[in-house]
Amino acid sequence: MKYREIVPAKFIERPNRFIAYVEIAGQRTKVHVKNTGRCRELLQEYAQVYLEKSDNPDRATAYDLVAVDKAGMLVNMDSNAPNKVVGEWLSAGGLCQDVSLVRPETVFGNSRFDFYVESDSGRKIFIEVKGVTLENEGVAAFPDAPSERAVKHVEELIEAKQQGYEAYLIFVVQMKGIRYVEPNNKTQPAFAEALKKARCAGVKLLAYDCIVGADSLRLDQPLPVIVDSLDQIAGPLLTWYDKGRRILPWREEPTPYHVWLSEIMLQQTRVEAVKPYYDRFLKALPDIRSLAEVDEEQLLKLWEGLGYYNRARNLKKAAMTIMSDYGGEMPGQYDELCKLSGIGSYTAGAISSIAFGNPVPAVDGNVLRILSRLRVDDRDILDAKVRKSIEEELRGVMPADRPGDFNQALMELGAMVCIPNGMAKCEECPWNHLCEARKQSRIAEFPKKAPKKPRSIEKKTILVIQDAEKVALHKRPDKGLLAGMYEFPSMEGHREEEEVIEYLKQLGLQPLRIRKLEDTKHIFTHKEWHMIGYAIRVDELCKLEKASASGELLFIDPMETQSNYPIPSAFAAYADYMEMKRGIRKP
């Protein structure tokens, strides 16, 4: 846009929002100010200003103040100019090449938006424009004064988006030399919060700087809009990740099956511990079809040592669904992945982003921890609503060209640098210049978690019963804790040797030797088993086998526990005391 006739002047004072006094050729002259904001940092005494001469000879003020020189940077401060330059930009196809309608000042709900745009391809777009003149050290901020109207406009844009329109908020930065635009939290935090909600709702936030002349203004280059610190994390995070990411087998071949399998195995298990299980599992079950067809006993044996055996069962169940409902090809869309057994929001996000390149967040405990420290966020990370909120926020800042790397870099940062219990390696962190917890020396305070309910404690006496050939096992019920797994017979409570001998006699067994084993415990998510044990050599198990018509006990060669009968790691301490048929005791 161009102004008609520009006159230079020196600023003197501004007695109210609409009027200023300037010096033109040595004369004190009253002029109209076309920006009703405060602009105190711009209108300094004796600052060089530029005036547009009015073409109305009857006006009380003959000039409009339209621009000012701020320490060598020319700033346009005409409140009408942003809409004019955006209108020119829209008509020239700046937002959509096939634009068919650009209508200014269009009513929607209780607001009047600056523009309504339609295109030949059917796009229908509402646009609100905000001119930005506030700048500090290369950072532009809006608003420069409280504005409830601005908050209302953002809320109405959210409503427009929910009703099926495209919605845009465009910041026009009326100067050059700006690095990014941010909401002015100090002046109006409500506007900053509204922007966060708008972005999560799908409202597009754009910003452009301008080429400013004393007599002209033109929209130029796009600028980042930094709603909060999340907007600044992707660049340094990916640079750090590219320099030193761990080489992991599932990363080098990120097929959907490989990513899925690794993510399920990595739940509550360290990376180094998972590697051999992952390799062994893939050798036996190299693809989804083989997983869908595997016998459950073999599946559980392959999983033995990783714990949480229902995860393995869910893998098989999901594989069967993929074979029957998806033609053997794993779906890539987040919503479809969430329909599969054992796949929640995190795993679905990981598979969709890493294997298929979709911009979907994958938020686990690592991610929740590092983001809570970054922003000194004191919300409870165990709250599902908090996790959902963070997923929505991350969705708005993920780099569209590298969503999988972005998610993996977040996980890597939490696993290798921003580790739990206040032991973060801050000097190695790519965010150490952004992290509020570090700046405030409060790393150990985050993340915040609601206190967990204490785990219940169950006491058990474990019996490793053997004769010369076999060992007695018991199969657990098909549902519940360690469902369908094999265990040693047990007695509730901690029993004395005499009580154990009496129990064995009731089963029809004659103990030849009994010795006390070490005490141990195993911790599950919600309970603990505190166990004592006995190794018992009996005359022969065949009597018990004949007496056990119910089939509750199984009598096997001890060597078979290494291949066919998975024993959970809860009993690992006692499995070591089985005497093998070949006369070799497990170390």
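Since we're looking at a predicted model, the values are computed, not measured.
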How about [X] and [Y]: does a side-chain donor come under 3.5 Å of a side-chain acceptor?
X      : Y      : result
Asp69  : Gln48  : no
Gln333 : Ser352 : no
Asn358 : Ser353 : no
Arg149 : Ser147 : no
Tyr116 : Glu105 : no
Glu263 : Tyr346 : yes
Gln163 : Glu159 : yes
His153 : Glu128 : yes
Asn76  : Tyr3   : yes

I need the minimum non-hydrogen distance between His258 and Trp250, along with the two atoms involved.
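His258 and Trp250 have their closest heavy atoms at O-CB, 4.0 Å.
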Is the NZ atom of Lys176 crowded by more than 12 outside heavy atoms at less than 6.0 Å?
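Counting other residues, nucleotides and ligands, NZ of Lys176 exceeds 12 neighbours.
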Report yes if some heavy atom in the side chain of Asp144 is under 4.5 Å from a heavy atom in the side chain of Cys39; otherwise report no.
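Yes. Closest side-chain heavy atoms under 4.5 Å.
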Mind checking whether Asn110 and Lys152 have side chains closer than 4.5 Å, heavy atoms only?
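Asn110 reaches Lys152 side chain to side chain.
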How are the rings of Phe171 and Phe191 set to each other: parallel, tilted or perpendicular (split at 30° and 60°)?
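Ring orientation of Phe171 relative to Phe191: perpendicular.
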Would you call the rings of Phe108 and Tyr165 parallel, tilted or perpendicular if under 30° counts as parallel and over 60° as perpendicular?
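If you compare the ring of Phe108 with that of Tyr165, the planes turn out perpendicular.
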Flag this pair as yes if the NZ/CZ of Lys448 is under 6.0 angstrom from the six-membered ring centre of Phe446 and inside a 45 degree cone about the axis; otherwise no.
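Pair Lys448/Phe446 counts as cation-pi.
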